[in-house]
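To start, the structure under review is shown below, and the notes come after it.
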There are 2 protein chains.
Amino acid sequence: MTYGDITISLDSASGVPFYRQVIQHVEHAILAGRLLPGDRLPTIRSLAIELKINPNTIAKAYGELEIRGIVITQVGSGTYVSDRKPTAPEDGLPAKIDETVARFIRDMAALGVDRASAVELVRNHKEDRTCGS
Amino acid sequence: MTYGDITISLDSASGVPFYRQVIQHVEHAILAGRLLPGDRLPTIRSLAIELKINPNTIAKAYGELEIRGIVITQVGSGTYVSDRKPTAPEDGLPAKIDETVARFIRDMAALGVDRASAVELVRNHKEDRTCGS
DNA sequence: GTCATTGTACTATTCATCTAATACAAGATT
DNA sequence: AATCTTGTATTAGATGAATAGTACAATGAC
């Protein structure tokens, strides 16, 4: 059972939902070339066991990746990387992203930060800490 | 009982919490010069009755505005516009702001959006829908 | 066809957020 | 001081997101 070169770890203290962390790891692996089109992702179950979380959480992540066309799932076979690359906010702006941006802008406004300032803060922010893989 | 020139309306279909809509209306009124320093805001109760929502919701809005120094509340007297204008992130980048930015960047990363794209999304985000004044 | 493996669907629990109901305390007015 | 008006505090209900528990259905290997 060989999967693409993907190692996923979760940080329960980060505040980022598990399923989103999984999505992030997969996308980074794809963008880094560690996962190629056609590569098979770890099984929902195997990943769930390895990460000690519920299969549904992995399923949710894979499901969202599939909606975005980044992976293709085949019942009985597995989940595979498609040709479509992640990080393409141009085509249709998935509602989730738009929502996150809207929320951020609201939150910043609630903190007394206007749009232009927020833009600069995002651009200049340092301290990455996500995804050490 | 004269209040500053402020008219607040709520859109329950917008998805934006009432208390946040109130905050935005007040801020916009201040920035537009319809509310001046020293002006008295509508009473928590009167606004609650007018908008047909619970006083606590108004109190929450006013409370947040006070934390930001935008208004000053005086028990028994009312809530007044202070000198401090909204949108003033100058003084030292409160931890809360930094935290919000960090979280946003993480969330966007989790959605497959890199930093540069996130910056652009924030800059170009439209959809104000609140406060048509 | 049989059976293990894979993804899927349905339900429940937990937790945070928003709003409300209601009682309380402090200042203003007389 | 009495009392009305103002903001405050405490508690509870409603909703939605995230995760888990568990059963189901489709595919593949034999």
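Proteins come first, then strands; the chains are lettered A, B, ... in the order of their sequence lines, and each starts at number 1.
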Identify which nucleotide among dC18(C), dG7(C), dT6(D) has an atom closest to any side-chain atom of Thr43(A), counting heavy atoms from C-beta outward.
-> dG7(C)

May I ask you to decide if Thr79(B)'s main-chain N or O and Gln74(B)'s side chain share a donor-acceptor pair within less than 3.5 Å?
-> no

What integer distance in Å separates Ile44(B):CD1 from dA9(D):P?
-> 11 Å

Is the backbone of Gly78(A) close enough, under 3.5 Å, to the side chain of Arg40(A) for a donor and an acceptor to pair up by distance?
-> no

Check Val81(A), Leu36(A), Asp39(A) against Ile30(A) for a side chain to side chain contact (heavy atoms under 4.5 Å, CB included) and give me the one that passes.
-> Val81(A)

Choosing from dC18(C), dT19(D), dG7(C), which nucleotide comes nearest the side chain of Pro17(A)?
-> dT19(D)

Partner set under side chain to side chain contact (heavy atoms under 4.5 Å, CB included) for Ala48(A), not counting sequence neighbours = Pro55(A), Ile58(A)

Using the test side-chain hydrogen bond (donor to acceptor under 3.5 Å, both in side chains), find all partners of Ser77(A) that sit at least two apart in sequence or belong to another chain.
-> Tyr80(A)

note: Ile23(A), atom CD1; dT19(D), atom P; distance rounded to Å ~ 10 Å

Summary of side-chain hydrogen bond (donor to acceptor under 3.5 Å, both in side chains) pairs that have at least one residue in residues 47-61 of chain B, sequence neighbours excluded | none

In whole Å, what is the span from the CD atom of Glu64(A) to the P atom of dT19(D)?
-> 12 Å

Take atom CD1 of Ile72(B) and atom P of dG7(D), then tell me their distance rounded to the nearest Å.
-> 14 Å

Would you kindly give the NZ-to-C1' distance between Lys52(A) and dT19(D), to the nearest whole Å?
-> 17 Å

Could you pull out all residues at least two apart from Glu66(A) that satisfy side-chain hydrogen bond (donor to acceptor under 3.5 Å, both in side chains)?
-> Thr73(A)

Could you check how far CZ of Arg20(B) sits from P of dC18(C), rounded to whole Å?
-> 6 Å

Should Thr73(B) be listed as having a side-chain N or O under 4.0 Å from OP1 or OP2 of dT8(D)?
-> yes

Gap separating the CZ atom of Phe18(A) from the CG atom of Asp11(A), nearest 0.5 angstrom = 8.5 Å

Donor-acceptor contact present, side-chain Ser82(B) to main-chain Ile72(B), <3.5 Å = no

Check nucleotides 23-27 of chain C against the protein and report each pair of N or O atoms closer than 3.5 Å, with its distance, or say if there are none.
| residue | atom | partner | partner atom | Å |
| --- | --- | --- | --- | --- |
| dG27(C) | O4' | Val75(B) | O | 3.0 |

Quick one: Ile58(B) CD1 to dA21(C) C1', roughly how many Å, whole number?
-> 15 Å

Phosphate OP1/OP2 of dT19(D) contacted by Tyr19(A) side-chain N/O (<4.0 Å) = no

Under 4.0 Å between a Lys/Arg side-chain N and an Asp/Glu carboxylate O for Arg20(A) and Glu64(A)?
-> yes

Between dT19(D) atom C1' and Leu47(A) atom CG, what is the distance in whole Å?
-> 16 Å

Residue-phosphate contact under 4.0 Å: Lys60(A) side-chain N/O, dT19(D) OP1/OP2 = no

Please determine, for the side chain of Thr57(A), which listed nucleotide (dG7(C), dA18(D), dA20(D)) has the closest atom?
-> dA20(D)

Indicate whether OP1 or OP2 belonging to dT6(D) is found under 4.0 Å from a side-chain N or O atom of Arg40(B).
-> yes

Report all interatomic pairs (protein N or O, nucleotide N or O of nucleotides 9-14 of chain C) with separations under 3.5 Å.
| residue | atom | partner | partner atom | Å |
| --- | --- | --- | --- | --- |
| dA9(C) | N6 | Asn56(A) | OD1 | 2.7 |
| dA9(C) | N6 | Asn56(A) | ND2 | 3.4 |
| dC10(C) | N4 | Asn56(A) | ND2 | 3.3 |

